[in-house]
Amino acid sequence: MSTTPRPLEGLRIVEVSSFVASPLCGLTLSQLGAEVIRVDPIGGAADTNRWPVTADGNSIYWTGLNRGKRSVTANFREPEGQKLIQDLVTESGPGGGILVTNAGGRAWMSHETLSAKRSDVISLELLGRTDGTPGVDYTVNAALGFPAITGPTDYAGVVNHALPAWDVACGLYAALAITAAVRRRDQTGVGAQITLPLEDTALAIAGTLGYLTEPQLGVGSRPATGNDVYGTYGTDFVAADGGRFMLVALTPRHFRDLVAMTETGDAVAAIEKALGADFTSEADRYTHRGILTPLFAAWFERHTTAEVEEALATSAVLSERYRTFDDVVESGVLQQNPLFTELDQPGIGTYLAAGLPARFDGEHYFAGPAPELGSSAGF
């Protein structure tokens, strides 16, 4: 274990939050070495018992997002509780004066109130929608257009995503914003009032990736493509015994290997000539995927999952077999990956928990178990 201090050691973050984005921000900062104090209402916030839970009703969700933190509870409705939170933020030493919250709208916890007590305070408030009204990942996603292009192409309805992607991105943006504000404060002595709407996070990413640029340029909304990868050649195939694989041929080499593996060279060359296409081009591989895919699919239908895996192991084609979460755990991949370490979480049990994905000098940073609610009072 490295004795080198973690990058954010010496910082103290007060987190008044719930659900995903704000706690994920705190977890990330904790893994990087900051002391993070989560403050909940007495009895816990709305996510204290959120699913998934153990057979005993303990929240796997809550403990997963609050590893390595301290836990304090306070009565948010009483002046004593409000003062406790204010003091935690403003009297926390040179590395303190930092608040992360998605529970804003309270005058006693506003940036103006806190900065009157400590001029260099840094506050980050996560909002739902841009105008400050409530919004969650799934409502933001619905308004943005992604459900309309998610799911099977022959399905006329909308399909929500299973991963709360905007919550995750927003939480990581929040952690970045805090570290940037601390950097600026170290240089200038100036604090920061940061607001970060979930809606703006989603809009920014959708715009950056072109989803919102295309309609502005007259191209129109991107179409649904099902399991086909937009703009290149990639789709899923099913082996003779039901194993399902995702393949992506991003480069000409990938595509050549796919053709060679599926023994379709003559047929693909004939199609390329007949169509006047150039399959070294991503655009042409994507445009003519409806003709190419059945050719490749016939090979998969003649081979078992094991045979497909063996062929792909010697191929440059980007590929992976579809797995369930149970499959991933049973495969042993967690034990083999240094990203995971054994964690004994009271109320939950012992399991392999992930650390910070980034390695610093070859080392992953890990957070300890989540605290019991309110267990850090008087620390």
Side-chain angles (χ1 to χ4, degrees), residues 13-31 36-77 81 85 99-106 109 124-129 133-142 147 160-175 196-199 201-202 324-326 328-329 343-355 367-377:
I13 316 294
V14 176
E15 176 197 311
V16 182
S17 68
S18 56
F19 297 109
V20 179
S22 189
L24 179 60
C25 170
L27 172 62
T28 304
L29 296 171
S30 174
Q31 289 171 323
V36 179
I37 305 163
R38 169 154 172 166
V39 184
D40 284 279
I42 294 172
D47 63 341
T48 304
N49 299 307
R50 198 173 192 217
W51 283 22
V53 296
T54 65
D56 296 329
N58 295 316
S59 176
I60 297 169
Y61 173 99
W62 193 93
T63 52
L65 281 165
N66 291 291
R67 287 176 285 137
K69 302 176 186 178
R70 298 183 185 273
S71 174
V72 172
T73 57
N75 188 334
F76 288 19
R77 297 183 179 183
I85 295 171
L99 171 69
V100 173
T101 185
N102 67 333
R106 296 172 167 90
M109 201 170 63
L124 187 149
E125 182 180 357
L126 292 105
L127 305 173
R129 298 170 64 185
T133 55
V136 295
D137 184 284
Y138 297 98
T139 60
V140 166
N141 193 55
N160 289 336
H161 56 200
L163 174 73
W166 309 125
D167 274 335
V168 172
C170 191
L172 298 177
Y173 269 128
L196 178 57
L198 185 64
E199 181 180 23
T201 299
T324 66
F325 295 121
D326 285 341
V328 174
V329 171
L343 179 73
D344 183 11
Q345 176 62 58
I348 301 295
T350 300
Y351 66 98
L352 293 172
E372 291 187 18
L373 187 68
S375 63
S376 305

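Small disclaimer: the values here were computed from a predicted structure and weren't measured.
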Visitor: Looking at side-chain heavy atoms only, is the closest gap between Phe19 and Asp137 below 4.5 Å?
Guide: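 A side-chain contact is absent here, since even the closest heavy-atom pair is not under 4.5 Å.
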Visitor: Kindly compute the distance separating CG (Asn160) from OG1 (Thr139), expressed to the nearest 0.5 Å.
Guide: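 Atom-to-atom, Asn160:CG and Thr139:OG1 are 10.0 Å apart.
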Visitor: Please find the pair of heavy atoms, one from Leu65 and one from Leu27, that lie closest to each other, and give the distance.
Guide: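 Looking at all heavy atoms of both residues, the shortest contact is O-CB, 3.6 Å.
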Visitor: Side chains of Val39 and Val14, heavy atoms from C-beta outward: is any pair under 4.5 Å?
Guide: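 In contact.
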Visitor: Quick one: side-chain contact (heavy atoms from CB on, under 4.5 Å) partners of Ala175, sequence neighbours excluded?
Guide: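 Listed in chain order: Cys25, Thr28, Leu29.
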Visitor: Any idea which heavy atoms bring Trp62 and Pro371 closest together, and the distance?
Guide: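 Scanning both residues, the minimum pair turns out to be CZ3-O, 3.3 Å.
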Visitor: To the closest 0.5 Å, what do you measure between CG (Leu352) and CG (Leu343)?
Guide: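 These two atoms lie 9.5 Å from each other.
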Visitor: Considering all heavy atoms of both residues, which atom of Tyr138 and which atom of Ala162 are nearest to each other, and what is their separation?
Guide: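 Scanning both residues, the minimum pair turns out to be OH-O, 3.4 Å.
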Visitor: Write down the atom of Arg67, the atom of Ala367, and the distance for their closest heavy-atom approach.
Guide: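 Closest pair (atom of Arg67, atom of Ala367, distance): O-CB, 3.7 Å.
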Visitor: Please enumerate all residues that pass ring-ring contact (aromatic ring centres under 6.0 Å, His included) together with Tyr351, with sequence neighbours excluded.
Guide: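 Result, ring-ring contact (aromatic ring centres under 6.0 Å, His included) vs Tyr351: none returned.
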Visitor: What residues, two or more places apart in sequence or in another chain, satisfy side chain to side chain donor-acceptor pair (under 3.5 Å) together with Gln345?
Guide: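 None.
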Visitor: Got a second to check how far Leu127's CG is from Leu196's CG, nearest 0.5 Å?
Guide: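 So the CG of Leu127 and the CG of Leu196 are separated by 8.0 Å.
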Visitor: Measure the shortest side-chain to side-chain distance between Tyr61 and Val20 over non-hydrogen atoms and say whether it is less than 4.5 angstrom.
Guide: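 SC-SC contact between Tyr61 and Val20 confirmed.
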Visitor: Is any side-chain heavy atom of Asn102 less than 4.5 Å from a side-chain heavy atom of Ser18?
Guide: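 Side-chain contact under 4.5 Å: yes.
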Visitor: Please set out all donor-acceptor pairs under 3.5 angstrom arising from side-chain atoms of residues 165-173, sequence neighbours excluded.
Guide:
unit_1, atom_1, unit_2, atom_2, d
Trp166, NE1, Asn141, OD1, 2.9

Visitor: Once rounded to the nearest 0.5 Å, what's the spacing between atom CG of Leu99 and atom CE of Met109?
Guide: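 Those atoms lie 5.5 Å apart.
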Visitor: I want to check something: taking the side chain as every heavy atom from C-beta on, are Val100 and Leu126 in contact at a cut-off of under 4.5 Å?
Guide: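 Heavy-atom side-chain distance check passes, below 4.5 Å.
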Visitor: By side chain to side chain donor-acceptor pair (under 3.5 Å), which residues pair with Glu15, not counting sequence neighbours?
Guide: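 Partners of Glu15 under the side chain to side chain donor-acceptor pair (under 3.5 Å) test: Ser17, Lys69.
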Visitor: With sequence neighbours excluded, give me every side-chain hydrogen bond (donor to acceptor under 3.5 Å, both in side chains) pair touching residues 36-49.
Guide: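 Non-adjacent pairs meeting side-chain hydrogen bond (donor to acceptor under 3.5 Å, both in side chains): Arg38-Asp40, Arg38-Asp47, Arg38-Asn66.
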Visitor: Could you state the interatomic distance from CD1 (Ile42) to OG1 (Thr73), rounded to the nearest 0.5 Å?
Guide: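 Rounded to the nearest 0.5 Å, the CD1-OG1 separation comes to 5.5 Å.
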